[in-house]
Structures are given as C-alpha cells and as structure tokens.
Amino acid sequence: MTNLEGRALSQTHSERIDSPDWRKSACILCECNCGIEVKIEGRRLAKIHGDKQHPTSAGYTCEKALRLDHYQNGRDRITSPLRRAEDGTYEEVDWDTAISEIAARLQAIKDEHGGERIFFYAGGGQGNHVPGAYGQSLRAALGSRYYSNALAQEKTGEMWVDGRLYGGHTKGDFEHSEVVLFLGKNPWQSHSFPRSRPVLKEIAADPQRAMIVVDPRRTETADLADFHLQVRPGTDAWCLAAMLGVLVQEDLIDRQFVAEHTKGTEEVLPLLSRVPVGEYAEQCGVPEDLIRAATRRFAAASSATTYEDLGIQQAPNSTLVSYLNKLLWILTGNFGRPGTMYLHSSLVSIAGSPTGSGTRPKPSRARHVATQAAAKLTTVAAQGVARAVPLAGRSPAPDDVLNALARTAVDRLAPLLSGSLSTAMGSKGNRVTPVTGARIIGGLMPCSSIADEILTDHPDRFRAMWIDSSNPAHSLPDSARMAEALRALDLVVVVDVAFTETARLADYVLPAATQFEKWEATFFNFEFPRNVFHLRAPLLDPLPGTLPESEIYSRVLRELGAVDPGVLDRLRIAAATGRDAFALAFFAAAAADPSLLGKAAYVLHETLGTTLPDGARTVAFLWGAAHMCALANPDAVARAGFDGPGLRPGERLFDAILTERSGVTFTVDTWDDAWNYVRGNDRRFTVAIPSLLDGLADLDEASSSWTTDEFPFVLAAGERRAFTANTIIRDPDWRRRDRNGALRISPADAQRLGLQTGGRIRIVTEVGSAESEVEITDTLQSGHITLPNGLGVDHPTDDDSPAQVGVALNTLTNSRHRDPIAGTPWHKYVPARLEPLP
Ligand code: SF4
C-alpha cells in the first residue's frame with residue numbers, strides 16, 4: 001500500500017472507528033509494531049487500518065499488516081494439549097494431565113541432572129514478548145541457567161560491540177538526519193523505524209540530504225540512494241575499513257568530539273591511518289572514488305546516522321563490521337544531537353545486558369536509584385499505609401517497626417533494583433556454554449551452538465528443552481541436525497499457536513492463544529526522545545482449548561510448588577488492601593527472599609493480578625516494570641506526565657499502560673539525556689576493542705571469498721521482500737505476490753545456465769539441497785543469488801494434507817559457518833551451486 005492509499009484508508013475508516021467492532025491493536029510482523037485498528041466479524045480480523053492515534057506509527061502501515069487474519073485463523077492451529085505416543089503419533093490429553101505430567105518430568109530431570117540441564121528457547125518474534133517474563137519465572141523455579149532466542153542468530157555481535165563501546169543499545173534519529181547510511185539494510189522492506197517508507201522518500205526528495213547504502217544488492221532503498229556502495233557479497237569489512245581510512249587520512253574526524261567523549265583513540269587512529277584505501281576498495285569491488293565521495297558526504301553532514309542489519313550481521317566478519325560501523329558515527333561526532341545516534345530508556349529489557357551491565361543504569365546511577373527507592377518505600381511505611389498489611393500473619397505493627405521493616409527490605413533489595421533481572425538470576429559476566437564454551441552474550445547462547453550442546457556424550461549436555469513461540473527446527477541453521485538434537489533430548493515441550501515443524505518433534509505440545517486473543521506487547525521500545533510502549537488488549541477470547549502462555553506457565557509453576565502458598569496468600573491480602581500496601585508487602589517479601597524476584601512475573605500474576613481490571617492479570621508484571629522504569633528515569637518519566645511523591649509515578653505509569661489502547665509515551669528525554677545512558681563515570685565511549693582491532697589489522701592478509709569450485713555462488717538465505725515475514729505466517733495465501741518465493745538470480749548467470757523466469761532450479765549446498773522457482777533480476781550481481789525468508793513451512797491444504805510452499809532455508813545453511821566472536825550464522829553467505837532442472 002502506498003502512503004497515499006494509507007491516508008485515504010485512514011480517512012474512510014475514521015467514520016467507522018466509533019463502532020464497538022473496531023478495536024485497537026498492533027501489527028506483529030516487524031519490530032515497528034505499527035498501531036492498527038481492526039474490524040472484528042465473528043472470529044475474523046475482517047478489516048485492518050493504521051491507527052492514527054498511535055504515538056509512533058501515526059496511522060502508517062505497510063501492506064503486510066492488512067492480511068493478519070491469515071495468522072489469526074491459520075488452518076494448523078491446535079486446540080488441545082498433545083502428547084506423543086510410543087509410535088510417534090500424537091494424542092489429545094486434557095490440560096490437567098498435560099501439566100501434571102510435564103511438571104513431574106521437569107522435576108525428575110532437575111533432580112537427576114540439575115536444573116541447568118534444562119534449556120529454554122523462547123522469544124516470540126516481533127510481538128509476543130509477554131510470555132518471556134513467565135519463562136523467566138519457570139527458569140528460576142527450575143534453576144535453569146541457559147537460554148536463547150532468535151536474537152542470538154542476528155543481533156548478539158552488535159550487542160557485544162555495544163556493550164564494550166558504551167554499554168547500551170543505540171539507534172538513530174533517521175527522520176531528522178541530514179545523511180543516513182544503511183549497511184546491509186533495506187528499510188523499504190524490513191522497516192525497523194517508524195514510517196520508514198515516507199521517511200526514505202523524504203530523504204531522497206531533499207537535495208540538502210543524502211542517503212548512502214552499502215549492500216551487494218540493488219535494493220529498493222539503494223534505488224533511492226545518492227551513493228550505492230555495491231560491495232561484493234561478504235566484503236563489507238573492507239568497504240567500512242576503507243571509509244574509516246578516508247576519514248582519518250583526509251582528517252575528516254570530529255577532533256573536539258573525539259577528545260571530549262572518547263578514550264582509546266590512540267590505539268585506533270594509527271591503525272586507520274595505515275588502511276590501504278585503494279586496495280580495500282578493489283577488494284570489496286567498489287570504485288575508490290565512490291567510497292571517498294560517500295565518506296566525505298557523511299563527514300560533512302551536520303547530522304548523520306547509520307543502521308546496520310542482517311545483511312552484515314549474518315555474513316562474514318559480522319562483529320568486526322558492527323564495530324567499524326559504530327566507529328564511523330563516533331569518529332564524526334554524531335551522537336546526542338537531533339538527527340544523530342542515541343542510547344535510550346527501556347521499560348523491559350528484551351535480553352540480559354551485553355556485558356553484564358547493558359542498558360541498566362551505570363553503577364553510580366544505580367546507587368542513586370536504590371537510595372531513591374529506599375526513601376520512597378520508607379515514606380510509604382511512614383505514612384502508615386503498611387499498617388493495613390498483615391505481613392507474616394501478624395496484627396498491624398507500630399510505625400517504627402514498619403519503618404525498620406521497609407529499610408531492611410530496601411537494603412536487601414537495593415542490589416536487585418540496581419541490576420537487571422537477569423543479573424539477579426546469575427547471568428552476569430562473561431559466561432560460556434557448558435559443552436563447547438561458546439560465548440554467551442546478553443544472556444543468550446549462540447543459536448548455532450545449540451545442537452552441539454545436545455549431540456554429545458558430555459556429562460553437562462542439555463537433557464530437556466522448553467520451547468515457546470519459536471520454531472528452532474525450522475529457523476536455526478542446519479535444520480536436519482537441529483531436528484536430530486531435539487530427538488536426542490529426554491523431554492521437549494513446545495508452547496505454540498500452530499502445529500509447527502518443532503512441535504512435530506516434541507513430547508508435549510501446549511496450544512497457546514494467538515497474539516490477538518490475550519494481553520500482549522513488544523519490548524522493542526527504542527525511540528528517543530519520546531519512548532513508547534504499547535500494551536495490546538485482546539481482540540477476541542482465546543479459541544476454546546487454548547490458553548494464554550501466562551496461564552500455561554502459572555499452572556506448571558503451581559504444580560511445581562514454586563512459591564510458598566502462604567507468601568502468595570499474604571500478598572493477595574495486601575493487594576486487596578491497595579497498591580501502596582501491596583508495594584511494601586511485595587518489596588519486603590522480595591527482600592526477605594530474593595529468589596522471589598526471579599519468579600516475579602508468576603508471583604505478581606497470582607497476587608496483584610487478581611485485582612486488575614478487564615482480565616489484565618497476564619500483565620501484572622508490568623507493575624514492577626513501571627516502577628523500575630520510574631525509579632531509574634525519574635525526570636524522563638515525570639516529563640511524560642507521570643510524577644508525584646513516593647511510588648506515585650510508577651503507579652500512574654502502570655495505570656496508563658493498562659488503559660491507553662494506542663500506546664503510552666513512558667519517557668520524554670532531552671538530547672542531553674542520551675549521555676546519561678552511556679556506561680561509566682566519565683561517560684566516554686571506549687573505542688579500542690583489542691580483539692576487533694586485531695581483526696581490522698588482519699584484513700590485509702585475510703581472504704574475502706569463501707566460495708569454492710564446488711559451490712561457486714553466494715546464496716543470501718533470507719531476503720526480505722514485500723510479502724515475507726517470520727514463520728508465524730504459515731498460510732501461503734497471505735502472500736499476494738511471489739507466492740512461491742522464487743530464487744533470484746542475475747541475468748548473466750541465468751543466461752549462462754539457460755534459465756528463464758518461472759523455470760525451476762536445484763540449489764545445492766554443503767548440507768542439503770532444495771528446488772525452487774526462478775526469477776531473473778538485474779538487482780543482483782553475477783555470482784549472487786537470493787531466497788526469501790519465512791517460507792518452506794508445512795501448511796494444510798484443502799484436503800488437510802500438509803503442503804510446503806517455498807524453500808525451508810535452513811535445510812541449506814551450515815551451522816559451522818559462524819562469526820568467531822558472537823557465533824551468529826552466515827545466513828547471508830551460504831556457498832552454493834545451481835543445477836538446472838529439466
Ligand atoms: S510489517 Fe512492520 S512496518 Fe509493516 S505494518 Fe507491520 S509493523 Fe508496520
């Protein structure tokens with residue numbers, strides 16, 4: 001849909017929005033999570049438009065959102081718990097049976113091998129993040145230490161670099177940037193920032209602004225760019241190093257910014273001054289003049305931003321390229337001003353911290369936060385509110401006793417308040433996996449290592465896997481080996497909406513409500529200066545037989561006896577008394593038993609959750625998130641309208657989250673605040689990362705090609721197209737174009753192989769082969785071929801037999817090709833050959 005069409009649709013639907021049949025929600029197909037309004041007919045999402053009141057998307061959607069009913073009413077939804085029988089078939093069992101058997105088997109594995117041998121893989125893609133909080137509760141109850149999700153095959157290299165440079169996640173103010181550089185990123189199709197297509201068009205139409213694209217493909221974004229650095233696949237490191245060489249050698253860096261805001265440049269700049277720009281330009285296949293011109297334009301801009309994505313994050317030298325990308329904007333001083341890069345607040349962290357500190361407050365700030373919390377809680381106690389709380393079953397206590405209790409509670413709670421929940425659960429530091437010693441980043445184990453941690457006789461191998469809203473048998477590299485690993489486990493439990501490829505390998509499959517049948521949210525809240533969180537109310541009741549994940553987890557935790565029922569009873573009584581009483585009771589209980597904090601989502605579901613309106617029990621844990629956010633960012637939260645004494649700001653923020661259907665601006669920062677999110681007392685960027693400087697120095701001698709005579713093509717496995725999404729869309733009819741997901745190939749290669757558009761081809765790689773339709777396109781270089789993401793899943797046909805449309809990419813990818821630091825797989829650089837079919 002064009003923007004004009006979108007505007008027309010918005011105008012026509014505004015007359016109908018008062019109808020009770022139109023309800024607000026969000027698209028769940030990319031991290032933008034654009035606000036939508038949905039017309040419900042029966043159980044169908046009959047019509048969908050952009051929500052003009054949404055604080056970030058403001059009525060915008062792309063074409064993908066308009067056909068979400070194909071997700072909601074997919075044919076392969078499951079409506080009963082399933083248990084695998086001896087013969088490999090599945091039988092329906094009732095919920096009580098499934099929960100009690102699963103809890104017993106988890107407990108048995110914990111007793112025999114230890115809870116850390118139970119591995120969790122969960123994440124819920126782009127919009128299903130609430131279950132993650134309950135997953136943490138179950139992990140804490142079982143003593144499970146290892147966890148991963150799809151971010152660990154995409155973003156962990158960047159997270160590792162972020163952690164070392166400044167300790168948090170960065171994004172760019174693209175909408176106001178004079179120059180924007182996209183690196184392995186095609187926002188026309190993969191979006192990632194609000195209103196991406198209108199923003200791209202605005203930049204392209206403005207002669208005072210410029211767009212630079214580094215991409216081996218001539219993407220839709222590259223077509224709009226002023227500079228397209230069309231690198232040979234896999235050579236981004238040489239291109240970025242050449243740009244940095246130009247910056248330093250032509251003295252284009254911002255020396256004042258570098259002097260005031262960085263440390264370690266004495267190790268970095270000499271190396272960049274020696275980069276042989278001409279040789280590296282030749283190595284990456286981009287004319288040297290073009291690299292120099294693009295770099296000069298970037299350096300001359302009054303404001304510039306960069307965005308890297310999977311095109312480089314799933315390719316050779318990915319972590320090094322992330323580092324070089326960030327040096328570009330740091331050395332040119334593009335941080336902390338409108339139109340530049342920023343670090344931001346967060347409501348809930350989607351992963352642990354990159355290096356153990358992450359986006360959490362720096363130590364001095366953490367102490368400040370803890371002190372504030374102590375003062376506020378003591379005030380609450382002093383007000384006598386807590387006299388109504390019959391803690392420990394006793395009669396109301398005198399004020400001095402309650403004050404002492406509050407101080408004790410906060411003393412014990414302070415270390416937990418000042419760190420992330422994952423820190424509290426022991427994921428801090430430079431951890432590695434138990435069998436292969438792979439680096440764990442942000443608490444996430446590399447996806448490429450998971451099968452290796454199972455298919456071994458090592459005593460510390462994983463014995464069980466809990467998989468929620470994820471499809472690792474389909475989405476992780478070398479899916480045949482991943483399937484073998486799943487079969488080797490003692491227990492596999494899958495929680496999902498559909499009978500997925502992974503569900504077909506599970507011992508138990510638990511049917512979840514869809515994202516439109518429960519309270520749900522995404523924690524991809526990365527905006528600045530106004531950061532937004534959108535809690536989505538259910539559009540429909542759960543399909544009979546299904547349950548929201550929160551209820552599934554809570555039933556298992558109850559069966560395990562995860563929390564003393566007496567504690568839960570007392571907290572329930574406090575919750576019935578009021579929020580202040582509950583706050584003191586909860587924090588005091590957590591101070592007395594810090595392990596409760598690890599199970600906070602479950603505890604809040606069972607206590608505070610019973611008092612929440614409209615069945616919002618599922619999201620009771622957001623009460624804790626709102627308070628943490630208000631304590632960590634008091635000024636920014638107050639600017640957003642949530643102020644007052646004591647715990648009022650957190651309470652008011654929580655109430656707004658529960659009631660605002662189009663989303664809530666939870667922080668309003670000033671640009672100076674961007675520096676407050678930089679780790680370290682001196683708030684300087686630590687630009688020298690020794691291992692990556694070694695990698696930069698090694699580029700002189702390193703190979704820039706990994707193809708062979710046997711596999712001469714570079715397959716980019718997972719191209720984002722107009723109608724691709726992640727695999728929650730299983731129905732091929734969702735795609736209005738390119739239904740079968742053709743293999744794209746250059747005209748020169750097609751001619752050499754005698755191929756025509758619409759013909760068929762076999763793709764062969766080191767680990768597998770697949771057949772595909774062919775599409776010839778001049779957007780690709782010779783030697784480069786692409787397949788789209790999200791296809792190749794089984795979907796029932798009219799006669800209920802499963803049919804697969806498109807290529808299941810990970811039948812072709814090899815988990816051995818991975819980044820040496822982050823372990824991220826080379827999905828965008830798969831050596832392959834093509835065999836024409838008759
Ligand atoms: S796919 Fe992304 S950009 Fe498109 S409507 Fe959905 S959330 Fe918005």
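The first residue in the sequence is number 1, and the count goes up from there. Keep in mind that what you see is a predicted model, and the values were worked out from it rather than measured. Each ligand, and each atom within it, is numbered from 1 in the order the structure gives.
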Which of the numbered atoms in ligand 1 are under 4.0 angstrom from any heavy atom belonging to Ala65? 5 (S)
Result of checking Glu517, Gln515, Arg44 against Gln72 for side chain to side chain donor-acceptor pair (under 3.5 Å): Glu517
Glu775 pairs by salt bridge (charged side-chain N to carboxylate O under 4.0 Å, His left out) with which of Arg744, Arg739, Arg737? Arg744
Starting from atom 4 (Fe) of ligand 1, find the nearest protein heavy-atom neighbour and note its residue, name and distance. Cys62 SG, 2.3 Å
Any N/O/S atom, side chain or main chain, of His191 closer to atom 2 (Fe) of ligand 1 than 2.8 Å? no
At under 4.0 Å between heavy atoms, what of Ile28 touches ligand 1? The answer is neither
Do Glu220 and Asn186 have side-chain N/O donor and acceptor atoms under 3.5 Å apart? yes
At a 4.0 Å threshold, what atoms of ligand 1 neighbour a non-hydrogen atom of Cys34? 3 (S), 5 (S), 7 (S), 8 (Fe)
Report, in ascending order of atom number, the atoms of ligand 1 lying under 4.0 Å from any heavy atom of Asn33. 7 (S)
Scan side-chain atoms only and decide if Thr667 and Asn633 contain a donor-acceptor pair under the 3.5 Å cut-off. no
Distance from atom 2 (Fe) of ligand 1 to nearest protein heavy atom, with residue and atom: Cys30 SG, 2.3 Å
Please check if any side-chain donor atom of Tyr677 sits under 3.5 Å from a side-chain acceptor atom of Asp669, or the reverse. yes
Let me check your reading of the structure: within less than 2.8 Å of atom 6 (Fe) of ligand 1, is there an N/O/S atom from Cys27? yes
For a side chain to side chain donor-acceptor pair (under 3.5 Å) with Gln313, tell me which candidate from Lys155, Lys185, Gln153 qualifies. Lys155
Say whether, by atom type as modelled, one donor and one acceptor occur between the side chain of Asp309 and the main chain of Gly311 under 3.5 angstrom. no
Output the list of atoms in ligand 1 that are nearer than 4.0 Å to some heavy atom of Thr61, sorted by atom number. 5 (S)
